[in-house]
S.K.: 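Below: one structure in structure tokens.
Both backbone and side-chain heavy atoms feed into the values below; hydrogens, waters and symmetry mates do not. Predicted model, so just to flag it, every value in this text is computed and none were measured.
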Amino acid sequence: APNLDPITIASEHDGAFARWAKAGDDITVTITSAEDLQESPSVSILGSDVDFEKIVDYEHWEAIINVGDSDTQGDVDFTITYDDFVGNSGDAKTSVTAGGGKVTVDRLVPEITKADIASSNGGGTRPELAVPNDIITLTVNTSQNIQEPTITIATNPADVVIGADATIWTATYQMIE
């Protein structure tokens with residue numbers, strides 16, 4: 001019976017965000033077999049049957065599904081069934097073997113749960129006031145991990161850095177005349 005390895009899953013996003021998908025995003029499952037497979041293996045992703053497409057030869061395949069508005073929040077499950085050219089069935093596959101793990105459908109809209117702003121005025125003794133050369137610091141906490149936000153202070157772009165995780169962001173701007 002044929003063996004599949006590697007099996008990967010990723011969204012259309014790059015880097016750390018390849019593990020996350022939202023409605024409208026594509027999710028790709030890619031497989032490689034140790035031997036040629038019959039025409040398209042079968043795969044169910046997010047509860048829908050999806051066609052695998054041959055990408056190099058009968059050993060390399062990929063299936064792409066678009067996340068729909070009604071797809072459920074949470075880890076993306078899949079099941080792959082397949083046969084070699086003479087009809088030997090491989091064991092059904094339901095997990096990745098490479099590439100970093102599962103993809104999660106995220107349907108939750110992030111919210112700002114806390115925002116604190118202060119200035120360095122008077123060495124920090126008057127944080128509610130700001131004059132030229134003071135540094136304004138805005139710290140934002142969110143309900144879930146987010147990508148780096150765009151923050152402006154006094155209508156100017158602020159320097160933004162991540163905190164302990166992607167739910168805490170600090171923006172700074174030095175006031176000018």
S.K.: Establish, from distance only, whether the side-chain atoms of N145 and T167 form a donor-acceptor pair under 3.5 Å.
M.R.: no
S.K.: Is there a side-chain contact between V43 and W61 in this structure, where contact means two heavy atoms from C-beta onward sitting under 4.5 Å apart?
M.R.: no
S.K.: Side chains of K93 and T79: closer than 4.5 Å at any heavy-atom pair?
M.R.: no
S.K.: Within the distance-only criterion (no hydrogens, no angle test), does the side chain of D84 pair as donor or acceptor with the backbone N or O of L37 below 3.5 angstrom?
M.R.: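 It does not hold such a pair.
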S.K.: Any donor and acceptor pair, going by atom type alone, linking the side chain of T97 with main-chain N or O of D5 inside 3.5 Å?
M.R.: no
S.K.: Running the 4.5 Å side-chain criterion over Ile, Leu, Val, Met, Phe, Trp and Tyr, what cluster does V56 land in, apart from itself?
M.R.: I55
S.K.: Decide yes or no for F78 and I7: does some side-chain heavy atom of the first lie under 4.5 Å from some side-chain heavy atom of the second?
M.R.: yes
S.K.: Under 4.0 Å between a side-chain nitrogen and a carboxylate oxygen: does that hold for R107 and D69?
M.R.: no
S.K.: Using distance alone, with no hydrogens and no angle criterion, decide if S40 and D51 have a side-chain donor and acceptor under 3.5 Å apart.
M.R.: no
S.K.: Under 4.5 Å between side-chain heavy atoms, counting indirect links through other Ile/Leu/Val/Met/Phe/Trp/Tyr residues: same cluster for Y173 and L138 or not?
M.R.: yes
S.K.: Can you find a pair of side-chain heavy atoms, one from S44 and one from D49, that are under 4.5 Å apart?
M.R.: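 Yes, their side chains come closer than 4.5 Å.
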S.K.: Does a side-chain heavy-atom distance below 4.5 Å link P149 with V140?
M.R.: no
S.K.: Quick test of your reading: applying ring-ring contact (aromatic ring centres under 6.0 Å, His included), list the pairs with at least one residue in residues 84-105, sequence neighbours left out, ordered by first then second residue.
M.R.: Y58-F85
S.K.: In chain order, what residues pass the ring pair (Phe, Tyr, Trp, His ring centres under 6.0 Å) check against F17, with sequence neighbours excluded?
M.R.: none
